[in-house]
There are 2 protein chains.
Amino acid sequence: MALTLKAMEYFTTALHHGSIVKAAAELNIAASAVSSAIDQVEAEFDLTLVIRQRARGIQPNAAGRDVARKCEHLLDEYRSLLIEGAELKKSHKGTLRIGYYAPIAPAFLPQVFEAFLPNTSDVTLELEECNNDEAQDGLLAGTYDAILFVAEGVRPSIEYDTLVTAPPYFLMPSSHPLKDQRTVTMAQIATEPLIVLNRPIAASYYEGLFQSETRKAPVAAYANSTEMVRSLVAAGRGCAILNMLPLTSETYVGAPVIARPISDSLPPLTLALGYDRMRPRRIVQDFAKACQEHFATVGPTRCIISHEE
Amino acid sequence: MALTLKAMEYFTTALHHGSIVKAAAELNIAASAVSSAIDQVEAEFDLTLVIRQRARGIQPNAAGRDVARKCEHLLDEYRSLLIEGAELKKSHKGTLRIGYYAPIAPAFLPQVFEAFLPNTSDVTLELEECNNDEAQDGLLAGTYDAILFVAEGVRPSIEYDTLVTAPPYFLMPSSHPLKDQRTVTMAQIATEPLIVLNRPIAASYYEGLFQSETRKAPVAAYANSTEMVRSLVAAGRGCAILNMLPLTSETYVGAPVIARPISDSLPPLTLALGYDRMRPRRIVQDFAKACQEHFATVGPTRCIISHEE
DNA sequence: TGCTTATCTCGGAATTTGTGATGTTATTGT
DNA sequence: ACAATAACATCACAAATTCCGAGATAAGCA
């Protein structure tokens, strides 16, 4: 590796100018550095490449021209490598790989994309639904560029922005007696049969909500998908506590559900966006910004239900 | 130029091994050097390229793999540049450019080439007849790889091997009265009308040969090509003094000439081979060797005439 | 002959690269 | 749960390299 790119650059610009001094001026270095770069190239190949004529500058011989051509080619490749690398960071092209543990992500992600991706763009999205741990592992392993996940239970090494804190709300069938109240209490909920969203963090979180209550709601069903929970509720199998809300009250089963805030003061779940905050690719940066803006404006009033509103 | 080839090499071998330690072992450097090389590459693009997991080694993310691929490509190009450069020096391919001030070069150069070039080879010969100064200028300017020239009057900066020292000989028509002598003397020559080879060094050299004689040969003609001199001699216009001898006594005019050594002790002309002796291309080196061997063996007995033989 | 324009040389300064020791973190086996 | 092990991270220092600047040298030019 004695022959460095720097030496090649000095060498080629010197040949280009036919003068060590001029090359040095253009490169903003001392002439002796250029001279020694030429020496280095010649030493590398153990060939005389340049005829140095005092007071007349330098001139390549045939082999020198040949080597210079090859070096310039390599330098071109190098420059385009740098440019491609910069593109990788700066451009809006490429693949954006997102892992999410956010059951209602379909309710907002399309709108986020709309905000920062042109209608026709060179971006390929890779969306992967997973659980909180998989998401964090994937981010740390470089599988995902960004993850949407629940900040409760975040690993120390993950960098993230908080998008929204979502307090729990109560979900009931449209025929439920509590449907006419503006808010419900945990005490009221505790008497209802409950459909529990049985996913990593959620299950213990919902469990914890009852810890200050004298009685706990009986569990009518466990289901590990949000839509199954909603549909079971709509079908009258029980009620549920969830945190984030799709934009429709209709469910897969055909019947609607009704959501009401809970008046008790309860810990919310935090939806967070994890990504490389120190040096993100441009597209990741833009995605993060779009997420933040989405939840700073339209988001909160649509996907969460708060009793303080 | 912050991103050096070395950094790229360390980076790519680290990714290849999935381990900084193993890469360091292979590269025979400290692990910290590899680690910092990775840092350099990441800093250059301001991107996270590698996930470093303690106790488990390293793993590239998508961008890292991308960059690594590009870097490996550049390294490949670099390696082939080095190889091509080495070929330039070592291989028998390419163009061999020879300038010569040696009027009878056609008498021996073909045999020299036979000795070191395979019947079918990738070598292109560029042979250029010129005078002594042009030859030396061309060598210094890199126009020629090697020159055959007369060492008398050599520039100080030219490196050369002496191929043969050629004493002057006497050339006469086949009908000449002196043809039956084994040798002739300068005193005898001084009475003959002379055909003088009128070329840069030769003219003054032949002039000088008479300086110790009481009388000088009358000049019947000046001619600036050897074959014209020989043909004039064959046609009976006079005699000549030359130094090197073709392998035929026939001349273009159709008649033969007869050569005889001169018994006086006279300064010879030195045929020399000038080239880059410090770091020649392989093919130039080989050519030089072939020239030396040619004149060390078959050459002296064929192209020169000595009265000492 | 003297002036100008170049390259060459060389010592020392600045920068970069590499080392080795030490610390931190994660995995693995008991 | 704990110890042993395997990696990577960091840091101060050493080594090597690069670069500068000043003088020396050589060639062209008037």
Side-chain angles (χ1 to χ4, degrees), chain A residues 1-11 13-44 48-61 64 133 136-137 139-142 155-158 278, chain B residues 1-11 13-44 48-61 64 133 136-137 139-142 155-158 278:
Chain A
M1 304 285 282
L3 182 59
T4 64
L5 288 167
K6 208 179 271 189
M8 291 184 219
E9 195 191 16
Y10 293 1
F11 174 74
T13 67
L15 287 209
H16 194 254
H17 282 83
S19 158
I20 291 180
V21 170
K22 283 181 193 158
E26 179 179 311
L27 295 165
N28 292 315
I29 57 171
S32 56
V34 178
S35 179
S36 97
I38 296 173
D39 291 343
Q40 283 173 44
V41 178
E42 290 190 322
E44 174 67 31
T48 300
L49 303 174
V50 169
I51 311 297
R52 298 135 123 114
Q53 287 161 308
R54 287 186 141 117
R56 274 209 298 181
I58 57 173
Q59 198 186 348
N61 61 18
D133 281 335
Q136 292 184 61
D137 286 343
L139 182 65
L140 289 177
R155 315 248 177 96
S157 55
I158 298 243
M278 294 312 292
Chain B
M1 305 287 280
L3 182 58
T4 64
L5 287 167
K6 208 179 272 189
M8 291 185 220
E9 194 191 16
Y10 293 1
F11 175 74
T13 66
L15 287 209
H16 192 255
H17 283 83
S19 158
I20 290 180
V21 171
K22 282 181 195 159
E26 180 181 310
L27 295 165
N28 290 316
I29 56 171
S32 56
V34 177
S35 179
S36 96
I38 296 173
D39 291 343
Q40 283 174 44
V41 178
E42 290 190 323
E44 174 66 30
T48 300
L49 304 175
V50 169
I51 311 298
R52 299 136 121 114
Q53 287 160 309
R54 288 184 143 118
R56 274 210 297 182
I58 58 175
Q59 198 186 348
N61 62 18
D133 281 335
Q136 293 183 62
D137 285 345
L139 181 64
L140 290 177
R155 316 248 177 95
S157 55
I158 298 241
M278 294 313 293

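Quick caveat, the model's predicted, so the values are computed rather than measured.
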Under 3.5 Å donor-acceptor, A/Q136 side chain and A/R155 backbone: yes

Is A/V21 touching bases, backbone alone, or none of the nucleic acid, heavy atoms closer than 4.0 Å? base

CD/B/E44 to CG/B/L3 distance, rounded to the nearest 0.5 angstrom? 5.0 Å

Whether the side chain of A/E42 engages the backbone of A/L49 through a donor-acceptor N/O pair (distance < 3.5 Å, no angle test) should be reported. yes

Would you indicate whether the side-chain heavy atoms of B/M278 and A/T48 approach each other to under 4.5 Å? no

B/F11 CZ to B/I20 CD1 distance, which is reported to the nearest 0.5 Å: 11.0 Å

Work out which heavy atom in B/S35 is nearest to a heavy atom in B/R52; give both atom names and the distance. O-NH2, 3.4 Å

Phosphate-side-chain proximity, B/R56 and C/dA26, N/O vs OP1/OP2 below 4.0 Å: no

Where does the chain A footprint on DNA chain D start and end, counting 5' to 3' with a 4.0 Å heavy-atom cut-off? D/dT18 to D/dG28

Starting from C1' on C/dT27, measure out to CD on B/Q53 and report it in whole angstrom. 11 Å

Nearest-nucleotide check on DNA chain D, A/A55 vs B/A55; residue mapping nearer the 5' end is B/A55

Length of the line joining B/I51:CD1 and C/dA26:P, which is rounded to integer Å: 14 Å

Measure CZ/B/R52 against C1'/C/dT24 and give the value in whole Å, please. 14 Å

Whole-Å gap separating C1' (C/dT7) and CD (A/E42): 13 Å

May I have the distance from A/R155 (atom CZ) to C/dA26 (atom C1'), rounded to whole angstrom? 12 Å

Could you give the angle between the helix axes at the two ends of the helix from C/dT1-D/dA30 to C/dT30-D/dA1, with five pairs per end, rounded to 10 degrees? 30°

At their closest point, which heavy atom of B/G64 faces which heavy atom of B/P60, and how far apart are they? C-CB, 4.2 Å

Give the B/S/- string for nucleotides 17-23 of chain C, one per nucleotide from 5' to 3', where a protein heavy atom under 4.0 Å of the base yields B, of only the sugar-phosphate yields S, and otherwise -. SSBB--B

What distance do A/T13 atom OG1 and A/H16 atom NE2 have between them, rounded to the nearest 0.5 Å? 9.0 Å

For a quick test of reading the model, state the closest non-hydrogen atom pair linking B/A23 to B/A14 and the distance between them. CB-CA, 3.5 Å

Could you measure the distance from the CG atom of B/L140 to the CD1 atom of A/I51? Nearest 0.5 Å is fine. 7.0 Å

The residue among A/V41, A/T4, A/I38, A/I29 that forms side-chain contact (heavy atoms from CB on, under 4.5 Å) with A/Y10 is A/I29

